[in-house]
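Some notes on the structure that comes next.
Each chain gets a letter, A, B and so on, in the order its sequence line appears, and its residues count up from 1.
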There are 2 protein chains.
Amino acid sequence: MLQANADIDTSAMLTERQKAVLDAALRLLVEEGDNLTMTAVARRASCSKETLYKWFGDRDGLLTATVQWQASKVRVVPVDGERLDLTSLTASLEGFASDWLKVISSDTSIALNRVAVGHAGSGKDDLGAIVLENGRFALARRLKPVLLAGKQAGLLDFADAETAFRSFFGLVARDVQIRLLLGDRLELTEAAIGGDAVRATQQFLALFGAKTGPQGL
Amino acid sequence: MLQANADIDTSAMLTERQKAVLDAALRLLVEEGDNLTMTAVARRASCSKETLYKWFGDRDGLLTATVQWQASKVRVVPVDGERLDLTSLTASLEGFASDWLKVISSDTSIALNRVAVGHAGSGKDDLGAIVLENGRFALARRLKPVLLAGKQAGLLDFADAETAFRSFFGLVARDVQIRLLLGDRLELTEAAIGGDAVRATQQFLALFGAKTGPQGL
DNA sequence: GCCGAACCGTAACGTACGGTACGCCTGCCG
DNA sequence: CGGCAGGCGTACCGTACGTTACGGTTCGGC
């Protein structure tokens, strides 16, 4: 389930003009939320509605193209799972936590998640699946190799990488995402994010750190 | 901020008929999502649209009344913070975790959160604030006395009840709520919820349990 | 039995918006 | 230079839905 083949890179077959149009739609989505109109997109992008329909089919097509376009912009570099000690593992986890908090508190992420959640009710399109695939599941794909390497190096101890990841996810995100989506003002400064990242990492290490660590004497 | 005086009990000044109408609207909200029409509500509730407008002002008024009505139905009993030992504290925490997972995975909670998130973008009404107030913040109000009692009894150790609560929240909910809101199929059986509740509680105790516990010899 | 208020059912109105058609301009190709 | 494909701007259509108006019905009070 939840395949949604959202990982095939559709951004390759987009002309520069089309990308510009999608960027305009994205900005408008951040400003207006789901109640953006085709006319507004056309005006903002300085193109005609007919072009929008020719390129994207209908309104839902434009929305999914916009979401996929944003997703394609944050492709990530695979981590190099080489020589791992406790400090490098800690740094890596803190980096993931900090990045993730920055993402989910960004304006565009909030706007995208809002429309995806709204559309998830009436299953017209797969916005929810796309967002999930490029958000939470992409994060898991990136983080799990690190966790497994940490286990291999004897630094971490867990039975299942999936459950370990989900606990890390919970420790990092806590109630932040749902509060932001529900409109709670909750300014996350750079410093607060950094603090949360080290706290979450410490807690995760306390839960899943191997008993036979460097302090094992 | 986020006051939204959503805790004044408006359900007292509702006639039985009005409650029935709101129940119909609620069921319809679960089925149809945010795209429910006034006509549909009137038909389902066997009342006239004129009555809907007379009672609730406009569509947004009906929506907020529905959300508040649902919120008023889950008023909770205050816990008795008496004689607390580790087993009773554990049981209490597991109860909170299990209840919370049951709530956020229920159809009505998902539907309500979906519309509230959708409306949070364009601040026409305060659905997001209401849901937040009766969801996450109500849980905090109920749980914090337990945490403080646990600290008082020497069973827990934390500096700030708020941050301790948020960690507990993260350990319990993890990625469940956002996945459900985004439409991920994710059936939580009674057994799975129970297992998650004990796991989350154990992890929380591992993080915040006092070092000088019953095993302190 | 009668009155008025509340309410039901439904028809009607206004508008916003998705979707389409058409005229015009511009740049490319032969 | 003529045609033409692509694209802009805009006017237009159809429809769904929020909102209002109105006639008919029930019901409590005198």
Side-chain angles (χ1 to χ4, degrees), chain A residues 13-69 111 114-116 118-119 121-127, chain B residues 12-67 69 111 114-116 118-119 121-127:
Chain A
M13 55 196 75
L14 289 178
T15 80
E16 289 307 311
R17 180 78 180 111
Q18 287 171 328
K19 294 178 186 175
V21 169
L22 290 184
D23 272 326
L26 192 57
R27 285 201 311 274
L28 218 42
L29 208 59
V30 172
E31 298 170 16
E32 305 279 329
D34 199 3
N35 48 7
L36 90 173
T37 78
M38 299 296 275
T39 332
V41 174
R43 192 158 38 217
R44 176 71 68 101
S46 292
C47 73
S48 80
K49 284 179 26 172
E50 185 172 19
T51 307
L52 291 183
Y53 284 100
K54 175 177 299 183
W55 284 349
F56 305 108
D58 60 357
R59 187 174 183 276
D60 282 337
L62 174 65
L63 253 50
T64 60
T66 304
V67 173
Q68 282 173 329
W69 164 233
R114 285 219 178 108
V115 307
H119 281 227
S122 58
K124 300 180 54 179
D125 42 27
D126 289 336
L127 287 189
Chain B
M13 55 197 76
L14 289 178
T15 81
E16 289 307 313
R17 180 79 180 106
Q18 288 171 328
K19 294 178 187 175
V21 169
L22 290 183
D23 271 326
L26 193 56
R27 285 200 312 275
L28 218 42
L29 207 58
V30 172
E31 299 171 16
E32 304 279 330
D34 199 3
N35 47 7
L36 89 174
T37 81
M38 298 296 274
T39 331
V41 174
R43 192 159 39 218
R44 175 72 67 101
S46 292
C47 75
S48 81
K49 293 210 276 181
E50 184 174 20
T51 306
L52 291 184
Y53 283 99
K54 176 178 297 184
W55 284 349
F56 306 107
D58 60 357
R59 188 173 184 276
D60 282 338
L62 174 65
L63 253 49
T64 61
T66 305
V67 173
W69 164 235
R114 286 220 178 107
V115 306
H119 281 227
S122 58
K124 299 179 54 178
D125 42 26
D126 290 337
L127 289 188

Can you tell which of C:dG19, C:dC8, D:dG18 lies closest to the side chain of B:T51?
C:dC8
Please report, rounded to the nearest Å, how far the P atom of D:dG7 is from the CZ atom of A:R17.
9 Å
Could you state the atom-to-atom distance from CG of A:L52 to C1' of C:dC17 in whole Å?
14 Å
Does a salt bridge link B:D23 with B:R44, judged by any charged N lying under 4.0 Å from a carboxylate O?
no
A:N35 CG to C:dA16 P: how many Å, rounded?
13 Å
Starting from P on D:dT19, measure out to CG on B:L62 and report it in whole angstrom.
10 Å
B:Y53 OH to C:dC8 P, straight-line distance once rounded to whole Å:
15 Å
Phosphate contact (C:dC7 OP1 or OP2) by B:W55 side-chain N/O below 4.0 Å
yes
Taken to the nearest whole Å, CZ/A:R59 to P/C:dA16 is 16 Å
Out of C:dG18, D:dG9, D:dA21, which nucleotide sits closest to the side chain of B:E50?
D:dA21
Rounded to the Å, how far apart are B:D34 CG and D:dG18 C1'?
14 Å
What one should report as the nearest heavy-atom pair of A:D34 and A:R59 is O-NH2, 2.6 Å
Using heavy-atom distances to pick each residue's nearest nucleotide on DNA chain C, tell me which of B:K54 and A:D60 is more 5'.
B:K54
Nearest-nucleotide pick for A:T37, side chain only, options being C:dC17, D:dG9, C:dC7:
C:dC17
Counting distance alone, no hydrogens or angles: does the base of D:dT19 have a donor or acceptor under 3.5 Å from a partner atom on the side chain of B:K49?
yes
Shortest non-hydrogen contact between B:L52 and B:C47, atoms and distance:
CD2-SG, 3.7 Å
Set out, in order, the CA-CA distance, both residues' side-chain angles and the distance that settles side chain to side chain contact (heavy atoms under 4.5 Å, CB included) for A:T39 and A:K49, then state yes or no.
CA-CA 7 Å; A:T39 332; A:K49 284 179 26 172; 3.9 Å; yes
Let me know the distance between CE of A:M38 and P of C:dC17, rounded to the nearest Å.
13 Å
Point-to-point distance, once rounded to the nearest 0.5 Å, from NE2 of A:H119 to OG1 of A:T64:
10.5 Å
Looking across every strand, which nucleic acid part, if any, lies under 4.0 Å from B:T39 by heavy atom: base, sugar-phosphate, or nothing?
nothing
